[in-house]
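Because only heavy atoms are used, hydrogens play no part in the values below, and waters and symmetry mates are left out as well, while side chains stay in. Every number for a ligand or one of its atoms is a count from 1 in the order of the listing.
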Amino acid sequence: MIKHISAIAIAVCAVLLSASAQVTAIRAGKLVDPDMGTVLTSQTILVRNNKIEAVGSNITIPSNAKIIDLSKQTVLPGLIDCHTHLADGQHGSEPMGIFRKTAAELALESVPNARVTLESGFTTVRDVGTYRALGDIALRDAINRGDIPGPRMFVAGAYVTITGGAGSDSGLAPDITLPWDMHYGEANSPWEVRQVIRKLASNGVDHIKILSSGAVLTHGSNPKSQEFTLEELQAAVDEASHFGLRVESHAHSPDGIKNAIRAGVASVEHATMIDDEGIALAKQHGTYLDMDIYDEECIQEEGRAGTMPKDFLEHDAQLGQIQRDNFRKAVGAGVKMSFGTDAGVCPYGTSGKQFAFMVKYGMTPMQAIQAATSNAADLLGHSNEFGSLKPGKYADIIAVGGDPLADIRVLENVQFVMKDGKIYKQ
Ligand SMILES: [Zn+2]
C-alpha cells in the first residue's frame, strides 16, 4: 500500500515538474507582425507555460521542448472581436425569445457560443452587453477557471440605456414588470448613469457599454434618433474612469455618434451614419470606430427566410450600404479602426467572414488583420498582454493555410488555435 502511494507521489511530482517547465517551440513558415505591418519568414516562437518567451529565426530550442510544425502555414496572433454578445444564448434574431427562457437556460446555451468563437481563431473578445445582466461575468469567470473552453472575455455586465432605449427589453405591455436583471442598466440622468456604473464596477465588469442612439434590432426603436444627452454621456465616461474602465457607445445616428466622441468614449460601435464632422472628430479625439459591416448579410438572409422581425428589416433598410460606404470613408480618412462583428447577429463562430468585407470596402489585408489584433488590443488597453507575438505576451497563437495577405478569406478557416499556451485546435 505504502509502495503504491509513493509510486503515485513520484508520478504526480513528475507531472507537476513537466507542467511547471512546459516549453513548446512553434515553427512558423510565415509570421504576421501587426505591430510593424510586416510578414517574417522561417521564425520560431518559444512558448513557456502560457507566455511567449522568444521569437526569431535564430532561437535555440531547449531539448525538452515540444515541437509544433507550422512551417507550411501562416502564423498570426490570436484574433480579437471587439463586439460580441456571447452570453445571449442560442443564435436567434427575435429578442422576445429571452422571455421564454430562464437565466440558467441562457447561460448554458451560451457555453457552445464561447467554444466555437475560440475554435474559429478568436482568442479574445470584448463582449458588449447581454439582455440578462451579469450572465457575461459568469461566462467569463467559468472560462478563466478552465471549466469551459472559450476566448479571454472582457465584459460589460449590462447595457447602460435610457428607459425604452436601444438596450432595453422593449415590446412588452406597459403593465408587465421586468425582473431586475432585464433592466439593470437603465438610467435617466447623469446621476443615475453614475449609480449604474458604480454598481457594474462593483460587480466586476471590464468596461462600460452605453447606447447613444436607437437600434436596428430592438422593437420600438429608431436608429436615427439620439439617446442620452451629452451631459449624461460625459458623466458615464467620467464615472467609469474612476474605476479605470473605458466606455464604448452604440450609435447609428450622426448626433448619437458625435455626442459619444465629444464625451470621450474609447470606441463608437456601428457608427453607421457617421458624417464628415463625425469622422473629423473621431480623428481628433483618437476614437476607434468598431463597424460591423458584415452582419448586413445575415440580416438580409434572415429577411428572405422570413425569420427576421419585420420592424427590424424596416429599421435596417438602406443602413447596411450607408454603413459600408462610411466605413470606406473612415478608412480613407485614417480614423483608428477596430474589428467588431456584433457576433450573435450572424451565427457564432463565423466572425472571420467580416475580414473580406473590410478589404472589399477599403482596407488592405494587413489593415484588416491589424484591426483584429494590434488595434483591438490597444482599444482594450491590453497591448502589453496580447495583440502581437512578442516576448512576455500571452501565447495566443493561430495559424491558417495559405497567405492571408494574398487571400484574406483564409482567415475564415483557422486551422490551429492556442490560447494562453494551451492548444484548442490542431
Ligand atoms: Zn451589439
Side-chain angles (χ1 to χ4, degrees), residues 80-95 97-98 106 110 113-114 117 122 124-133 135-136 139 151 153-162 165-170 182 184-185 205-219 221-223 227-228 246-253 256-257 260 265-274 288-299 302 308-309 312 315-316 319-320 323 327 338-351 353-354 372 376 379-380:
I80 303 163
D81 191 338
C82 297
H83 192 126
T84 67
H85 300 281
L86 299 188
D88 276 340
Q90 240 168 38
H91 166 73
S93 48
E94 176 50 75
I98 66 158
L106 281 178
S110 301
N113 300 347
T117 299
F122 288 83
T124 298
V125 301
R126 185 180 64 166
D127 205 74
V128 293
T130 167
Y131 282 112
R132 295 205 81 145
D136 50 354
L139 189 63
M153 286 183 78
F154 292 88
V155 303
Y159 296 112
V160 180
T161 181
I162 63 168
S168 65
D169 290 310
S170 54
M182 289 188 178
Y184 193 65
V205 303
D206 304 297
H207 51 87
I208 298 296
K209 167 71 174 294
I210 199 162
L211 296 97
S212 59
S213 86
V216 173
L217 307 181
T218 304
H219 292 299
S221 193
N222 174 10
E227 296 186 356
F228 284 120
R246 296 180 181 192
V247 179
E248 65 273 1
S249 189
H250 154 113
H252 294 292
S253 69
I257 293 166
V265 301
S267 67
V268 175
E269 307 304 301
H270 315 298
T272 310
M273 287 173 266
I274 191 165
Y288 275 98
L289 299 185
D290 200 36
M291 299 176 74
D292 50 336
I293 61 168
Y294 175 71
D295 53 21
E296 176 68 9
E297 299 300 301
C298 301
I299 292 171
E302 289 197 34
M308 179 62 69
F312 293 0
H315 297 161
D316 186 60
L319 287 186
Q323 189 195 29
F327 176 89
S338 53
F339 181 100
T341 63
D342 216 353
V345 175
C346 289
Y348 297 102
T350 64
S351 294
K353 290 187 174 182
Q354 184 168 281
L379 170 55
L380 268 65

Trainee: Do His219 and Phe312 have ring centroids that are under 6.0 Å from one another?
Mentor: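 Here the rings of His219 and Phe312 have centres that are less than 6.0 Å from each other.
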Trainee: Restricting to N, O or S atoms, which atom of Asp342 is closest to the Zn ion (ligand 1)?
Mentor: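 Of all N, O or S atoms belonging to Asp342, OD1 is the one nearest the Zn ion (ligand 1).
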Trainee: May I ask you to check whether His85 brings an N, O or S atom to under 2.8 Å from the Zn ion (ligand 1)?
Mentor: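 Checking the Zn ion (ligand 1) against His85, an N, O or S atom does fall under 2.8 Å.
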Trainee: Check the angle between the aromatic planes of His85 and Tyr159 and answer parallel, tilted or perpendicular using the 30° and 60° thresholds.
Mentor: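 Because their plane-to-plane angle lies in the 30° to 60° range, the rings of His85 and Tyr159 count as tilted.
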Trainee: Please determine, by modelled atom types, if Asp295 and Gln354 share a side-chain donor-acceptor pair under 3.5 angstrom.
Mentor: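 Result is no, nothing qualifies.
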Trainee: Using a distance-only test with no angle check, is there a side-chain donor-acceptor pair under 3.5 angstrom linking Asp290 and Ser267?
Mentor: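 No donor-acceptor contact under 3.5 Å links the two side chains.
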Trainee: Using a distance threshold of 2.8 Å, state whether an N, O or S atom of His83 lies below it from the Zn ion (ligand 1).
Mentor: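 Checking His83: at least one N, O or S atom is under 2.8 Å.
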Trainee: Under 2.8 Å from the Zn ion (ligand 1), is there any N, O or S atom belonging to Asp292?
Mentor: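 It does not; every qualifying atom lies at 2.8 Å or beyond.
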